[in-house]
Protein chains: 2
Amino acid sequence: MFSKTTEYALRAVIYIAQKGTEENKLGLADIAKAIHSPRSFTAKILQQLTAGGKIISSVRGPGGGFYISAKAKKLPVRSVLSVMGEDVKLEKCVLGLKHCSEEKPCPMHASYKLIKPLIIDLFESKTIEMLANEVSAGKSNIGNL
Amino acid sequence: MFSKTTEYALRAVIYIAQKGTEENKLGLADIAKAIHSPRSFTAKILQQLTAGGKIISSVRGPGGGFYISAKAKKLPVRSVLSVMGEDVKLEKCVLGLKHCSEEKPCPMHASYKLIKPLIIDLFESKTIEMLANEVSAGKSNIGNL
DNA sequence: GTAATAAAAGATAAAAATATCCTTAATTAA
DNA sequence: TTAATTAAGGATATTTTTATCTTTTATTAC
Ligand code: FES
Ligand code: FES
């Protein structure tokens, strides 16, 4: 559904939301290990997520690391997709036509249009916090690769 | 959702099902133009779809080209995904965990599991023929890029 | 200040996906 | 049998994605 890059981003954000706070920041090594992602590559992704303070925050130096504000935790999962530039994928035509629309639909559209809003809602209605809480409650995990 | 390669494959198969017959085979140039795909790249894809006579058939030489048997037209769209090696994508975990399952679910799973079977059914229940008929009836198209 | 720590930034590297081109083989028609 | 046609097969080329490594900058502790 998404690129590996975005999968790492989602798992990292959920992990940071679950385990980190401004008082207890998480380091790159910790995060990469927890979500089973390549360390240096994850660093690049965390940079993206930090840029402009959109999703997560970071502090350099001893005691530094990554965390996410209570406010940002309320963001929909889709905001992570957006930062990674993959929220457009949710609107894509199944057959690769330029636009997925009623005006010039592909032959999959009639059936797909019933499901598409459900998929989009999946990422709109769930917040980062909700997913983190799921993991904290022991109902799910992000480390089992 | 799928790779460009698979999108081309899907559009090509639908086009062949719609316009071609064993008596009226379609040439590579025709197909590539109709579905707006790069010609030589499309040739490779058509080879894959032809291999083992799984989906489409081909004949070389003058008057040759590609066509699809009446029997193959009844195949579900998923069979095309299968030949392209992307039907596994339908089973993938949204967050990229090794397995999407109830046993070790990711935090998206609880919501996603409601939609996943609908997506799979989309490709299981629709046959190549159904999509081709949709286009023939003027209800949809595969050329509008 | 100096040293240690940790993320940011930059430069490459490796792998996979996408795409093109050239040669070969099969088929047909003349 | 020769020439023309069309897909198959093979070799490369380009682009994008994924990944690693090195240097720089910010922060803290001493
Ligand atoms: S136009 Fe193809 S899925 Fe909507
Ligand atoms: S386990 Fe992640 S979607 Fe099912």
Side-chain angles (χ1 to χ4, degrees), chain A residues 1-13 16 20 22-33 35-68 83-86 88-89 96 145, chain B residues 1-13 15-16 20 22-33 35-68 81 83-86 88-89 96 145:
Chain A
M1 182 161 243
F2 301 114
S3 66
K4 277 183 153 191
T5 308
T6 295
E7 287 172 354
Y8 294 150
L10 289 167
R11 298 212 302 272
V13 167
I16 294 167
E22 185 157 6
E23 297 76 45
N24 181 31
K25 304 184 197 70
L26 303 175
L28 170 64
D30 176 1
I31 296 165
K33 191 174 181 185
I35 68 171
H36 289 98
S37 60
R39 192 189 150 119
S40 292
F41 190 52
T42 303
K44 293 295 182 194
I45 295 166
L46 293 176
Q47 270 182 50
Q48 268 190 269
L49 293 166
T50 304
K54 285 185 189 165
I55 311 279
I56 60 176
S57 310
S58 73
V59 174
R60 293 196 250 197
F66 300 89
Y67 66 96
I68 181 167
V83 169
M84 301 310 294
E86 295 211 341
V88 291
K89 274 197 180 178
L145 293 189
Chain B
M1 181 162 245
F2 301 113
S3 66
K4 277 183 157 191
T5 307
T6 294
E7 287 173 354
Y8 295 151
L10 289 167
R11 298 213 301 272
V13 167
Y15 180 69
I16 293 168
E22 186 157 3
E23 298 75 47
N24 181 31
K25 305 183 194 70
L26 303 175
L28 169 64
D30 177 1
I31 296 165
K33 190 173 181 185
I35 68 171
H36 288 98
S37 60
R39 191 188 152 121
S40 292
F41 190 54
T42 304
K44 294 296 183 195
I45 295 166
L46 293 176
Q47 269 180 52
Q48 268 190 270
L49 293 165
T50 304
K54 284 185 189 167
I55 311 278
I56 60 176
S57 310
S58 73
V59 174
R60 293 196 252 198
F66 300 89
Y67 66 96
I68 182 169
L81 301 181
V83 169
M84 301 310 293
E86 294 211 339
V88 291
K89 274 198 180 177
L145 293 188

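Just so it is clear: chains get the letters A, B, ... in the order the sequence lines come, proteins before strands, and each one is counted from 1.
When rounded to the nearest whole Å, the span between CD1 of A:Ile45 and C1' of D:dT18 equals 9 Å. Rounded to a whole Å, the CZ atom of B:Arg60 is 6 Å from the P atom of C:dA26. Taking atom CD on B:Gln48 and atom P on D:dA7, their separation rounds to 17 Å, with Å as the unit. Rounded to an integer number of Å, the gap from A:Leu49 CG to C:dA9 P is 14 Å. In this entry the distance linking NZ of A:Lys44 with C1' of C:dA7 reads 11 Å, nearest Å. B:Leu46 places its CG atom 15 Å from the P atom of D:dT6, with the value rounded to the nearest Å. Look at CD1 on A:Ile16: it is 10 Å from P on C:dA7, rounded to the nearest Å. Taking atom CG of residue A:Leu28 and atom P of nucleotide D:dC21, one finds them 13 Å apart after rounding to whole Å.
Put simply, the side chain of B:Lys25 gets close to the backbone of B:Glu22: a donor and an acceptor are under 3.5 Å apart.
Side chain B:Gln47 to base D:dA7: no donor-acceptor pair is found below 3.5 Å.
Applying the 4.0 Å criterion to OP1 and OP2 of C:dA19, one finds that B:Ser40 has every side-chain N and O outside that range.
Heavy atoms of A:Ser58 sit under 4.0 angstrom from primed sugar atoms or phosphate atoms, though from no base atom. Residue B:Leu26 is classed as a sugar-phosphate contact, given heavy-atom separations below 4.0 Å to backbone atoms only.
Mapping A:Ser3 and B:Arg39 onto DNA chain D via the closest heavy atom, the residue that lands nearer the 5' end is B:Arg39. Comparing A:Gly63 and A:Tyr8 by the nucleotide of DNA chain D that holds the closest heavy atom to each, the one mapping nearer the 5' end is A:Tyr8.
Side-chain atoms of A:Ile16 and A:Leu46, non-hydrogen and from C-beta on, do get closer than 4.5 Å to each other. Considering only heavy atoms from C-beta on, A:Asn24 stays 4.5 Å or farther from A:Tyr67 through its side chain. A:Met84 has its side chain within reach of A:Ile45: a pair of non-hydrogen atoms, C-beta onward, lies under 4.5 Å apart.
For the atom pair CG of B:Leu26 and NZ of B:Lys33, the computed distance is 14.0 Å after rounding to the nearest 0.5 Å.
Comparing D:dT20, D:dA7, C:dT18 against the side chain of A:Phe41 picks out D:dT20 as the nearest. Closest approach to the B:Pro38 side chain among C:dT20, D:dA19, C:dA7 is made by C:dT20 (side chain taken as heavy atoms from C-beta onward). When distances are taken from the side chain of B:Pro62 to each of C:dT27, C:dC21, C:dA19, the shortest belongs to C:dT27. When the nucleotides D:dT20, C:dA19, D:dA8 are ranked by their closest atom to the side chain of B:Lys4, C:dA19 comes out on top.
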